[in-house]
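The block underneath contains the structure these notes are about, expressed in C-alpha coordinates.
Because the structure is predicted, anything quoted here is derived from the model rather than measured. Just so we're on the same page: letters track the sequence lines, and every chain starts at 1.
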Amino acid sequence: MTIETKVTSDGSAVTIYIRGRFDFSVVNQFREAYEAHKQKKHFYIDMRQTEHMDSSALGMLLNMRSYLGSDAVKIEIVNCSPGIRKILEIAKFDKKFAIS
Amino acid sequence: MLSMTQNLMAKDPIVLAALGTGLATLCAGWLTSGLLSAGLFTASSLSFFASCLISDGKQNESKGEEERQRQSSERDFQSAVKEIDNYANGQLASISSDNRDLADTISNNIELLGQAFVSLSELANHQNELAKEIFERMKGKKNDPKKGGKTGGKNEIGDDNISIEFFAKSLDQVIGTYVDLLVSVSEKSVNAVHRIEDMVTHIDQMFSLLGNIQEIADQTDLLALNAAIEAARAGEAGRGFAVVADEVRRLSRTSSDLNTQIKGKANETKDAISKVRAIVGDVASLDMKDALNARSYIDQMLHTMREVNDEVNDAVGRMTQLTKEIKQSVDSSVRGLQFGDIAMQTCGRMLRRLETLNNAMLLQSEVCGKSAQHADIGKIRQRLDSLHNDTSKHGSAKAAESGADIELF
(Lines give C-alpha, C1' and ligand atoms only; values in the text may rest on other atoms or scores of the structure.)
Protein backbone atom coordinates (compact mmCIF):
# COMPACT_ATOMS: atom_id res chain seq x y z
CA MET A 1 0.00 0.00 0.00
CA THR A 2 1.42 3.33 -0.98
CA ILE A 3 -1.33 5.03 1.01
CA GLU A 4 -1.67 4.26 4.67
CA THR A 5 -4.07 5.77 7.14
CA LYS A 6 -3.68 6.02 10.89
CA VAL A 7 -6.03 7.49 13.42
CA THR A 8 -4.39 9.23 16.36
CA SER A 9 -4.71 7.56 19.74
CA ASP A 10 -7.32 10.03 20.94
CA GLY A 11 -9.26 9.50 17.70
CA SER A 12 -9.43 13.21 16.92
CA ALA A 13 -7.25 13.26 13.81
CA VAL A 14 -6.35 11.10 10.83
CA THR A 15 -2.90 10.94 9.27
CA ILE A 16 -2.63 9.82 5.64
CA TYR A 17 0.88 8.67 4.70
CA ILE A 18 1.77 8.77 1.03
CA ARG A 19 4.77 6.72 -0.05
CA GLY A 20 6.54 6.97 -3.39
CA ARG A 21 4.64 8.66 -6.17
CA PHE A 22 1.64 10.78 -5.38
CA ASP A 23 -0.06 10.68 -8.79
CA PHE A 24 -3.07 9.37 -10.67
CA SER A 25 -2.24 5.76 -9.85
CA VAL A 26 -3.35 6.29 -6.25
CA VAL A 27 -6.49 8.27 -7.03
CA ASN A 28 -8.82 5.60 -5.66
CA GLN A 29 -6.67 4.68 -2.70
CA PHE A 30 -6.40 8.25 -1.64
CA ARG A 31 -10.15 8.82 -2.05
CA GLU A 32 -10.93 5.76 0.02
CA ALA A 33 -8.47 6.89 2.69
CA TYR A 34 -10.31 10.08 3.49
CA GLU A 35 -13.84 8.91 2.64
CA ALA A 36 -13.43 6.19 5.22
CA HIS A 37 -12.98 8.89 7.89
CA LYS A 38 -15.37 11.54 6.67
CA GLN A 39 -16.63 12.23 10.18
CA LYS A 40 -13.18 13.39 11.33
CA LYS A 41 -12.39 17.10 11.49
CA HIS A 42 -8.59 17.10 11.38
CA PHE A 43 -6.41 15.48 8.73
CA TYR A 44 -2.66 15.33 8.26
CA ILE A 45 -1.22 14.49 4.87
CA ASP A 46 2.24 13.20 5.73
CA MET A 47 4.63 13.50 2.77
CA ARG A 48 7.89 12.52 4.38
CA GLN A 49 8.11 9.52 2.05
CA THR A 50 6.58 11.15 -1.00
CA GLU A 51 9.09 11.23 -3.83
CA HIS A 52 7.09 12.89 -6.57
CA MET A 53 3.80 14.60 -7.13
CA ASP A 54 2.05 15.86 -10.22
CA SER A 55 -0.98 18.01 -10.88
CA SER A 56 -3.41 15.13 -10.26
CA ALA A 57 -2.20 15.08 -6.65
CA LEU A 58 -3.18 18.73 -6.42
CA GLY A 59 -6.55 17.81 -7.92
CA MET A 60 -6.95 15.00 -5.38
CA LEU A 61 -6.14 17.30 -2.47
CA LEU A 62 -8.65 19.87 -3.71
CA ASN A 63 -11.30 17.16 -4.15
CA MET A 64 -10.59 15.94 -0.64
CA ARG A 65 -11.05 19.46 0.66
CA SER A 66 -14.33 19.99 -1.15
CA TYR A 67 -15.60 16.53 -0.20
CA LEU A 68 -14.93 17.07 3.49
CA GLY A 69 -16.02 20.70 3.42
CA SER A 70 -13.26 23.31 3.41
CA ASP A 71 -14.71 25.26 6.35
CA ALA A 72 -15.47 22.35 8.65
CA VAL A 73 -12.24 20.42 8.32
CA LYS A 74 -8.62 21.29 8.87
CA ILE A 75 -6.18 19.67 6.47
CA GLU A 76 -2.45 20.00 7.17
CA ILE A 77 0.23 18.96 4.70
CA VAL A 78 3.30 18.01 6.73
CA ASN A 79 6.92 16.96 6.20
CA CYS A 80 7.18 18.22 2.61
CA SER A 81 10.47 17.98 0.73
CA PRO A 82 11.69 21.30 -0.73
CA GLY A 83 10.70 20.24 -4.26
CA ILE A 84 7.16 19.34 -3.23
CA ARG A 85 6.88 22.48 -1.16
CA LYS A 86 7.82 24.50 -4.25
CA ILE A 87 5.11 22.82 -6.30
CA LEU A 88 2.56 23.54 -3.58
CA GLU A 89 3.67 27.17 -3.43
CA ILE A 90 3.46 27.64 -7.20
CA ALA A 91 -0.07 26.24 -7.09
CA LYS A 92 -0.80 28.69 -4.22
CA PHE A 93 -1.74 25.77 -1.99
CA ASP A 94 -0.10 27.58 0.90
CA LYS A 95 -3.25 29.74 0.95
CA LYS A 96 -5.63 26.78 0.98
CA PHE A 97 -3.80 24.34 3.24
CA ALA A 98 -1.55 24.57 6.23
CA ILE A 99 1.85 23.48 4.97
CA SER A 100 4.78 22.62 7.18
CA MET B 1 73.78 115.77 -15.78
CA LEU B 2 74.59 117.83 -18.84
CA SER B 3 77.50 119.62 -17.17
CA MET B 4 78.97 116.36 -15.98
CA THR B 5 79.05 115.01 -19.54
CA GLN B 6 80.69 118.25 -20.72
CA ASN B 7 83.51 117.75 -18.26
CA LEU B 8 83.90 114.18 -19.34
CA MET B 9 84.09 115.09 -23.01
CA ALA B 10 86.71 117.83 -22.49
CA LYS B 11 89.63 115.38 -22.34
CA ASP B 12 90.24 113.91 -25.81
CA PRO B 13 88.52 112.78 -29.00
CA ILE B 14 89.73 109.24 -28.25
CA VAL B 15 87.12 109.19 -25.55
CA LEU B 16 84.60 109.53 -28.38
CA ALA B 17 85.76 106.28 -29.88
CA ALA B 18 85.59 104.58 -26.50
CA LEU B 19 82.13 105.90 -26.04
CA GLY B 20 81.23 104.71 -29.55
CA THR B 21 82.23 101.16 -28.65
CA GLY B 22 80.26 101.44 -25.43
CA LEU B 23 77.30 102.54 -27.48
CA ALA B 24 77.72 99.62 -29.86
CA THR B 25 77.88 97.20 -26.95
CA LEU B 26 74.77 98.75 -25.52
CA CYS B 27 73.03 98.51 -28.87
CA ALA B 28 73.98 94.85 -29.07
CA GLY B 29 72.54 94.34 -25.58
CA TRP B 30 69.38 96.05 -26.66
CA LEU B 31 69.12 93.90 -29.76
CA THR B 32 69.52 90.68 -27.84
CA SER B 33 67.14 91.56 -25.07
CA GLY B 34 64.61 93.37 -27.23
CA LEU B 35 63.16 94.90 -24.14
CA LEU B 36 61.80 98.36 -23.93
CA SER B 37 63.85 99.26 -20.93
CA ALA B 38 67.02 98.36 -22.74
CA GLY B 39 65.86 100.49 -25.63
CA LEU B 40 65.32 103.38 -23.29
CA PHE B 41 68.73 102.88 -21.82
CA THR B 42 70.24 102.99 -25.29
CA ALA B 43 68.28 106.10 -26.04
CA SER B 44 69.64 107.75 -22.95
CA SER B 45 73.14 106.67 -23.94
CA LEU B 46 72.56 108.27 -27.30
CA SER B 47 71.50 111.50 -25.71
CA PHE B 48 74.51 111.44 -23.45
CA PHE B 49 76.74 110.97 -26.48
CA ALA B 50 75.05 113.72 -28.40
CA SER B 51 75.56 116.09 -25.49
CA CYS B 52 79.23 115.23 -25.50
CA LEU B 53 79.41 116.10 -29.17
CA ILE B 54 77.81 119.47 -28.74
CA SER B 55 80.15 120.46 -25.93
CA ASP B 56 83.09 119.16 -27.90
CA GLY B 57 82.32 121.51 -30.84
CA LYS B 58 81.98 124.41 -28.43
CA GLN B 59 85.41 124.03 -26.81
CA ASN B 60 87.53 123.68 -29.97
CA GLU B 61 87.08 126.70 -32.20
CA SER B 62 90.55 128.28 -32.34
CA LYS B 63 92.69 126.54 -34.98
CA GLY B 64 91.38 126.28 -38.59
CA GLU B 65 92.95 122.94 -39.41
CA GLU B 66 91.80 121.35 -36.24
CA GLU B 67 88.42 122.96 -36.83
CA ARG B 68 88.03 121.35 -40.26
CA GLN B 69 89.09 118.00 -38.88
CA ARG B 70 86.73 118.39 -36.07
CA GLN B 71 83.92 119.43 -38.39
CA SER B 72 84.56 116.44 -40.59
CA SER B 73 84.59 114.04 -37.63
CA GLU B 74 81.45 115.75 -36.35
CA ARG B 75 79.73 115.10 -39.70
CA ASP B 76 80.79 111.47 -39.46
CA PHE B 77 79.50 111.35 -35.96
CA GLN B 78 76.23 112.96 -36.93
CA SER B 79 75.68 110.44 -39.71
CA ALA B 80 76.53 107.61 -37.26
CA VAL B 81 73.99 109.00 -34.81
CA LYS B 82 71.42 109.22 -37.57
CA GLU B 83 72.14 105.66 -38.61
CA ILE B 84 71.75 104.43 -35.04
CA ASP B 85 68.62 106.48 -34.77
CA ASN B 86 67.19 104.96 -37.93
CA TYR B 87 68.15 101.52 -36.79
CA ALA B 88 66.52 102.05 -33.37
CA ASN B 89 63.41 103.44 -35.09
CA GLY B 90 63.26 100.40 -37.37
CA GLN B 91 63.50 98.06 -34.39
CA LEU B 92 60.83 100.04 -32.55
CA ALA B 93 58.52 99.73 -35.55
CA SER B 94 59.21 95.98 -35.68
CA ILE B 95 58.45 95.63 -31.99
CA SER B 96 55.21 97.58 -32.46
CA SER B 97 54.21 95.38 -35.35
CA ASP B 98 55.17 92.20 -33.43
CA ASN B 99 53.21 93.46 -30.47
CA ARG B 100 50.14 93.99 -32.67
CA ASP B 101 50.54 90.53 -34.15
CA LEU B 102 50.85 89.08 -30.65
CA ALA B 103 47.71 90.91 -29.53
CA ASP B 104 45.83 89.69 -32.60
CA THR B 105 46.98 86.10 -32.09
CA ILE B 106 46.01 86.14 -28.44
CA SER B 107 42.66 87.73 -29.20
CA ASN B 108 41.82 85.25 -31.98
CA ASN B 109 42.89 82.22 -29.99
CA ILE B 110 41.06 83.37 -26.89
CA GLU B 111 37.92 83.70 -28.98
CA LEU B 112 38.42 80.24 -30.48
CA LEU B 113 39.11 78.73 -27.08
CA GLY B 114 36.08 80.44 -25.62
CA GLN B 115 33.85 79.08 -28.35
CA ALA B 116 35.34 75.61 -27.92
CA PHE B 117 34.71 75.67 -24.18
CA VAL B 118 31.15 76.92 -24.59
CA SER B 119 30.42 74.13 -27.05
CA LEU B 120 32.17 71.64 -24.74
CA SER B 121 29.94 72.78 -21.92
CA GLU B 122 26.84 72.40 -24.12
CA LEU B 123 27.92 68.93 -25.20
CA ALA B 124 28.47 67.94 -21.59
CA ASN B 125 24.96 69.13 -20.76
CA HIS B 126 23.53 67.21 -23.68
CA GLN B 127 25.38 64.09 -22.56
CA ASN B 128 24.00 64.54 -19.08
CA GLU B 129 20.45 64.77 -20.44
CA LEU B 130 20.95 61.61 -22.48
CA ALA B 131 22.28 59.80 -19.43
CA LYS B 132 19.23 60.90 -17.45
CA GLU B 133 16.93 59.72 -20.24
CA ILE B 134 18.58 56.29 -20.26
CA PHE B 135 18.24 56.17 -16.51
CA GLU B 136 14.52 56.98 -16.64
CA ARG B 137 13.94 54.52 -19.44
CA MET B 138 15.66 51.72 -17.58
CA LYS B 139 13.52 52.43 -14.56
CA GLY B 140 10.41 52.56 -16.77
CA LYS B 141 9.39 55.76 -15.06
CA LYS B 142 9.09 57.81 -18.19
CA ASN B 143 5.33 57.47 -18.36
CA ASP B 144 2.93 60.33 -18.59
CA PRO B 145 2.61 62.14 -15.28
CA LYS B 146 -1.09 61.22 -14.99
CA LYS B 147 -0.03 57.79 -13.82
CA GLY B 148 2.21 59.39 -11.27
CA GLY B 149 5.24 57.59 -12.65
CA LYS B 150 4.07 54.35 -11.10
CA THR B 151 3.95 51.27 -13.27
CA GLY B 152 1.38 49.12 -11.63
CA GLY B 153 0.25 45.68 -12.65
CA LYS B 154 -2.52 47.25 -14.68
CA ASN B 155 -0.15 48.90 -17.10
CA GLU B 156 -1.49 48.61 -20.59
CA ILE B 157 0.46 47.18 -23.47
CA GLY B 158 1.07 49.79 -26.12
CA ASP B 159 2.83 51.99 -23.66
CA ASP B 160 6.13 52.44 -25.44
CA ASN B 161 8.04 52.57 -22.15
CA ILE B 162 7.36 49.16 -20.67
CA SER B 163 10.02 48.40 -18.14
CA ILE B 164 11.81 45.09 -18.13
CA GLU B 165 10.65 44.55 -14.59
CA PHE B 166 7.05 45.07 -15.64
CA PHE B 167 7.59 42.63 -18.49
CA ALA B 168 8.93 39.99 -16.14
CA LYS B 169 6.07 40.57 -13.70
CA SER B 170 3.55 40.14 -16.51
CA LEU B 171 5.24 36.93 -17.55
CA ASP B 172 5.05 35.74 -13.97
CA GLN B 173 1.35 36.57 -13.91
CA VAL B 174 0.81 34.62 -17.11
CA ILE B 175 2.55 31.60 -15.60
CA GLY B 176 0.49 32.01 -12.44
CA THR B 177 -2.69 31.95 -14.54
CA TYR B 178 -1.41 28.88 -16.36
CA VAL B 179 -0.71 27.10 -13.08
CA ASP B 180 -4.13 28.06 -11.73
CA LEU B 181 -5.71 26.64 -14.88
CA LEU B 182 -3.66 23.48 -14.54
CA VAL B 183 -4.77 22.98 -10.94
CA SER B 184 -8.37 23.71 -11.81
CA VAL B 185 -8.30 21.18 -14.66
CA SER B 186 -6.73 18.59 -12.36
CA GLU B 187 -9.31 19.23 -9.68
CA LYS B 188 -12.20 18.77 -12.14
CA SER B 189 -10.57 15.77 -13.79
CA VAL B 190 -10.05 14.04 -10.47
CA ASN B 191 -13.66 14.85 -9.65
CA ALA B 192 -14.71 13.32 -12.99
CA VAL B 193 -12.65 10.23 -12.24
CA HIS B 194 -14.42 9.89 -8.93
CA ARG B 195 -17.76 10.11 -10.73
CA ILE B 196 -16.56 7.50 -13.23
CA GLU B 197 -15.57 5.24 -10.37
CA ASP B 198 -19.07 5.70 -9.02
CA MET B 199 -20.44 4.75 -12.45
CA VAL B 200 -18.27 1.64 -12.53
CA THR B 201 -19.62 0.68 -9.13
CA HIS B 202 -23.15 1.13 -10.50
CA ILE B 203 -22.34 -0.99 -13.54
CA ASP B 204 -20.92 -3.70 -11.28
CA GLN B 205 -24.15 -3.60 -9.30
CA MET B 206 -25.98 -3.91 -12.62
CA PHE B 207 -23.94 -7.01 -13.35
CA SER B 208 -25.05 -8.67 -10.13
CA LEU B 209 -28.65 -7.75 -11.00
CA LEU B 210 -28.14 -9.27 -14.42
CA GLY B 211 -26.85 -12.37 -12.65
CA ASN B 212 -30.12 -12.53 -10.73
CA ILE B 213 -32.08 -12.28 -13.97
CA GLN B 214 -29.95 -15.11 -15.42
CA GLU B 215 -30.75 -17.17 -12.39
CA ILE B 216 -34.47 -16.56 -12.85
CA ALA B 217 -34.18 -17.48 -16.51
CA ASP B 218 -32.30 -20.66 -15.67
CA GLN B 219 -34.89 -21.58 -13.04
CA THR B 220 -37.72 -20.80 -15.48
CA ASP B 221 -36.02 -23.02 -18.04
CA LEU B 222 -35.71 -25.82 -15.51
CA LEU B 223 -39.31 -25.29 -14.46
CA ALA B 224 -40.50 -25.43 -18.09
CA LEU B 225 -38.47 -28.62 -18.55
CA ASN B 226 -40.15 -30.19 -15.53
CA ALA B 227 -43.54 -29.03 -16.81
CA ALA B 228 -42.83 -30.64 -20.21
CA ILE B 229 -41.88 -33.93 -18.50
CA GLU B 230 -45.04 -33.87 -16.43
CA ALA B 231 -47.10 -33.04 -19.52
CA ALA B 232 -45.60 -36.03 -21.38
CA ARG B 233 -46.44 -38.27 -18.45
CA ALA B 234 -50.05 -37.09 -18.54
CA GLY B 235 -50.26 -38.31 -22.09
CA GLU B 236 -52.98 -37.00 -24.36
CA ALA B 237 -54.49 -34.93 -21.61
CA GLY B 238 -51.19 -33.04 -21.09
CA ARG B 239 -50.59 -32.30 -24.79
CA GLY B 240 -51.82 -28.72 -24.54
CA PHE B 241 -49.81 -28.15 -21.39
CA ALA B 242 -46.68 -29.47 -23.16
CA VAL B 243 -47.05 -26.73 -25.79
CA VAL B 244 -47.25 -24.08 -23.03
CA ALA B 245 -44.21 -25.57 -21.28
CA ASP B 246 -42.22 -25.45 -24.56
CA GLU B 247 -43.26 -21.87 -25.05
CA VAL B 248 -42.15 -20.94 -21.53
CA ARG B 249 -38.82 -22.69 -22.12
CA ARG B 250 -38.33 -20.80 -25.37
CA LEU B 251 -39.06 -17.54 -23.55
CA SER B 252 -36.63 -18.33 -20.77
CA ARG B 253 -33.92 -19.08 -23.38
CA THR B 254 -34.66 -15.83 -25.18
CA SER B 255 -34.48 -14.07 -21.83
CA SER B 256 -31.13 -15.76 -21.14
CA ASP B 257 -29.84 -14.69 -24.58
CA LEU B 258 -30.94 -11.13 -23.95
CA ASN B 259 -29.30 -11.28 -20.56
CA THR B 260 -26.04 -12.38 -22.18
CA GLN B 261 -26.33 -9.59 -24.73
CA ILE B 262 -26.94 -7.00 -22.01
CA LYS B 263 -23.96 -8.36 -20.11
CA GLY B 264 -21.87 -8.00 -23.26
CA LYS B 265 -22.99 -4.41 -23.80
CA ALA B 266 -22.46 -3.61 -20.14
CA ASN B 267 -18.96 -5.02 -20.40
CA GLU B 268 -18.33 -2.87 -23.47
CA THR B 269 -19.57 0.14 -21.52
CA LYS B 270 -17.27 -0.75 -18.68
CA ASP B 271 -14.34 -0.96 -21.09
CA ALA B 272 -15.29 2.38 -22.62
CA ILE B 273 -15.57 3.93 -19.16
CA SER B 274 -12.18 2.64 -18.14
CA LYS B 275 -10.77 4.16 -21.33
CA VAL B 276 -12.44 7.48 -20.47
CA ARG B 277 -11.03 7.17 -16.96
CA ALA B 278 -7.55 6.73 -18.38
CA ILE B 279 -7.96 9.75 -20.65
CA VAL B 280 -9.28 11.92 -17.82
CA GLY B 281 -6.41 10.62 -15.74
CA ASP B 282 -3.97 11.81 -18.40
CA VAL B 283 -5.65 15.20 -18.41
CA ALA B 284 -5.38 15.40 -14.63
CA SER B 285 -1.78 14.22 -14.48
CA LEU B 286 0.48 16.95 -15.77
CA ASP B 287 4.04 17.26 -14.69
CA MET B 288 4.56 20.41 -12.68
CA LYS B 289 8.22 20.54 -13.64
CA ASP B 290 7.64 22.83 -16.65
CA ALA B 291 5.73 25.34 -14.56
CA LEU B 292 8.36 25.06 -11.85
CA ASN B 293 11.18 25.59 -14.32
CA ALA B 294 9.40 28.50 -15.97
CA ARG B 295 8.86 30.11 -12.60
CA SER B 296 12.44 29.70 -11.49
CA TYR B 297 13.63 30.92 -14.90
CA ILE B 298 11.58 34.08 -14.48
CA ASP B 299 12.91 34.57 -10.98
CA GLN B 300 16.42 34.23 -12.31
CA MET B 301 15.64 36.62 -15.17
CA LEU B 302 14.21 39.18 -12.77
CA HIS B 303 17.26 38.88 -10.57
CA THR B 304 19.59 39.39 -13.53
CA MET B 305 17.49 42.29 -14.76
CA ARG B 306 17.72 43.96 -11.37
CA GLU B 307 21.46 43.53 -11.40
CA VAL B 308 21.70 44.99 -14.90
CA ASN B 309 19.42 47.83 -13.86
CA ASP B 310 21.56 48.54 -10.83
CA GLU B 311 24.70 48.52 -12.92
CA VAL B 312 23.17 50.86 -15.48
CA ASN B 313 21.94 53.15 -12.72
CA ASP B 314 25.41 53.20 -11.20
CA ALA B 315 27.00 53.93 -14.56
CA VAL B 316 24.53 56.69 -15.31
CA GLY B 317 25.11 58.15 -11.85
CA ARG B 318 28.83 58.13 -12.46
CA MET B 319 28.26 59.65 -15.87
CA THR B 320 26.21 62.48 -14.35
CA GLN B 321 28.95 63.08 -11.81
CA LEU B 322 31.58 63.09 -14.55
CA THR B 323 29.54 65.53 -16.59
CA LYS B 324 29.36 67.81 -13.54
CA GLU B 325 33.12 67.58 -13.17
CA ILE B 326 33.60 68.32 -16.87
CA LYS B 327 31.38 71.36 -16.47
CA GLN B 328 33.39 72.53 -13.48
CA SER B 329 36.63 72.07 -15.40
CA VAL B 330 35.20 73.97 -18.35
CA ASP B 331 34.08 76.77 -16.05
CA SER B 332 37.50 77.08 -14.48
CA SER B 333 39.05 76.95 -17.95
CA VAL B 334 36.79 79.78 -19.03
CA ARG B 335 37.87 81.72 -15.93
CA GLY B 336 41.45 80.95 -16.91
CA LEU B 337 40.80 82.49 -20.30
CA GLN B 338 40.58 85.88 -18.63
CA PHE B 339 44.38 85.88 -18.75
CA GLY B 340 43.76 86.72 -22.40
CA ASP B 341 42.24 90.07 -21.41
CA ILE B 342 45.18 90.78 -19.13
CA ALA B 343 47.61 89.88 -21.91
CA MET B 344 45.69 92.13 -24.28
CA GLN B 345 45.85 95.00 -21.82
CA THR B 346 49.57 94.44 -21.38
CA CYS B 347 49.98 94.46 -25.15
CA GLY B 348 48.07 97.76 -25.29
CA ARG B 349 50.30 99.29 -22.64
CA MET B 350 53.37 98.08 -24.43
CA LEU B 351 52.11 99.62 -27.63
CA ARG B 352 51.50 103.01 -26.00
CA ARG B 353 54.92 102.89 -24.36
CA LEU B 354 56.49 102.10 -27.69
CA GLU B 355 54.81 105.22 -29.06
CA THR B 356 56.18 107.28 -26.19
CA LEU B 357 59.61 105.79 -26.75
CA ASN B 358 59.33 106.65 -30.42
CA ASN B 359 58.51 110.24 -29.52
CA ALA B 360 61.42 110.31 -27.12
CA MET B 361 63.73 109.12 -29.87
CA LEU B 362 62.40 111.72 -32.26
CA LEU B 363 63.12 114.40 -29.73
CA GLN B 364 66.57 112.98 -29.13
CA SER B 365 67.47 112.89 -32.79
CA GLU B 366 66.33 116.50 -33.10
CA VAL B 367 68.45 117.48 -30.10
CA CYS B 368 71.46 115.63 -31.50
CA GLY B 369 71.17 117.48 -34.81
CA LYS B 370 71.71 120.87 -33.16
CA SER B 371 74.51 122.45 -31.15
CA ALA B 372 73.87 123.63 -27.61
CA GLN B 373 73.54 127.28 -28.76
CA HIS B 374 70.91 126.51 -31.33
CA ALA B 375 68.99 124.15 -29.15
CA ASP B 376 65.96 125.66 -27.52
CA ILE B 377 66.28 124.18 -24.03
CA GLY B 378 62.92 125.49 -22.96
CA LYS B 379 61.19 123.84 -25.87
CA ILE B 380 63.01 120.58 -25.24
CA ARG B 381 61.92 120.69 -21.58
CA GLN B 382 58.36 121.32 -22.64
CA ARG B 383 58.38 118.26 -24.93
CA LEU B 384 60.03 116.17 -22.23
CA ASP B 385 57.26 117.16 -19.84
CA SER B 386 54.62 116.15 -22.37
CA LEU B 387 56.38 112.78 -22.70
CA HIS B 388 56.26 112.42 -18.92
CA ASN B 389 52.57 113.16 -19.06
CA ASP B 390 52.04 110.50 -21.75
CA THR B 391 53.68 107.83 -19.63
CA SER B 392 51.98 108.83 -16.38
CA LYS B 393 48.62 108.59 -18.20
CA HIS B 394 49.08 104.82 -18.35
CA GLY B 395 48.53 104.96 -14.65
CA SER B 396 49.72 101.53 -13.59
CA ALA B 397 52.66 100.83 -11.32
CA LYS B 398 54.58 99.58 -14.30
CA ALA B 399 53.92 102.82 -16.10
CA ALA B 400 55.35 104.62 -13.09
CA GLU B 401 58.45 102.45 -13.32
CA SER B 402 58.77 103.29 -16.98
CA GLY B 403 58.41 106.91 -16.00
CA ALA B 404 61.41 106.48 -13.71
CA ASP B 405 63.36 105.05 -16.64
CA ILE B 406 62.46 108.07 -18.72
CA GLU B 407 63.62 110.25 -15.84
CA LEU B 408 67.14 109.05 -16.68
CA PHE B 409 66.70 110.37 -20.16
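Heavy-atom distances place both the backbone and the side chain of B:Asn191 under 4.5 Å from chain A. The parts of B:Val183 that come within reach of chain A are both its backbone and its side chain, each placing non-hydrogen atoms under 4.5 angstrom from that chain. Only the side chain of A:Leu58 comes within less than 4.5 Å of a heavy atom of chain B; its backbone N, CA, C and O stay farther away. In this structure, no portion of B:Ser189 lies under 4.5 Å from any heavy atom of chain A.
Listed here is the closest heavy atom pair of A:Thr5 and A:Ala33: OG1-CB, 3.5 Å. Residues A:Ala72 and A:Lys41 approach most closely at O-CD, 3.6 Å, considering heavy atoms. Pairing each heavy atom of A:Leu68 with each of A:Lys38, the nearest pair is CD2-CA, 3.9 Å. Heavy-atom minimum distance, A:Gln29 versus A:Thr2: OE1-OG1, 3.5 Å.
Proximity of B:Val308 to B:Val312: side-chain heavy atoms (C-beta onward) are separated by under 4.5 Å at one or more points.
For an aromatic pair to be called close, the ring centres must be under 6.0 Å apart, and A:Phe43 with A:Tyr34 fails this.
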(Q) Please determine whether side chain to side chain donor-acceptor pair (under 3.5 Å) holds for the pair B:Asn125 and B:Glu129, giving the CA-CA distance in whole Å, both sets of side-chain angles, and the decisive distance to 0.1 Å. (A) CA-CA 6 Å; B:Asn125 275 339; B:Glu129 277 165 25; over 6 Å; no

**Q.** Worked verdict on B:Ser184 versus B:Lys188 for side chain to side chain donor-acceptor pair (under 3.5 Å)
**A.** CA-CA 6 Å; B:Ser184 168; B:Lys188 288 187 171 79; 3.2 Å; yes

Q: Start with the C-alpha gap between B:Glu122 and B:His126, add the side-chain angles, then the distance that decides, and say whether side chain to side chain donor-acceptor pair (under 3.5 Å) holds.
A: CA-CA 6 Å; B:Glu122 277 170 9; B:His126 190 56; over 6 Å; no

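The most heavy-atom pairs under 4.5 Å with chain A, out of B:Asp180, B:Val283, B:Asp282, B:Val185, come from B:Asp180. Chosen from B:Val193, B:Leu182, B:Leu286, the residue pairing most often with chain A at heavy-atom distances under 4.5 Å is B:Leu286. Put simply, of A:Leu61, A:Asp23, A:Asn28, A:Val27, the one with the most heavy-atom pairs under 4.5 Å next to chain B is A:Asn28. Note: B:His194 leads B:Glu197, B:Glu187, B:His194 in heavy-atom pairs under 4.5 Å with chain A.
Looking at B:Glu247 and B:Arg250, a side-chain N of the basic residue comes within less than 4.0 Å of a carboxylate O on the acidic one, giving a salt bridge. Residues B:Asp246 and B:Arg249 are not paired through a salt bridge, judged by the lack of any N-O separation under 4.0 Å between the basic side chain and the carboxylate.
For A:Lys86, the NZ atom is loosely surrounded, since the number of other residues' heavy atoms within 6.0 Å does not exceed 12. The environment of OH in A:Tyr67 is crowded: more than 12 heavy-atom neighbours from other residues, nucleotides or ligands sit within 6.0 Å.
Scanning residues 91-100 of chain A against chain B with a 4.5 Å non-hydrogen threshold yields A:Ala91, A:Lys92, A:Phe93, sorted by number. Using a 4.5 Å cut-off between non-hydrogen atoms, no part of residues 204-212 of chain B approaches chain A.
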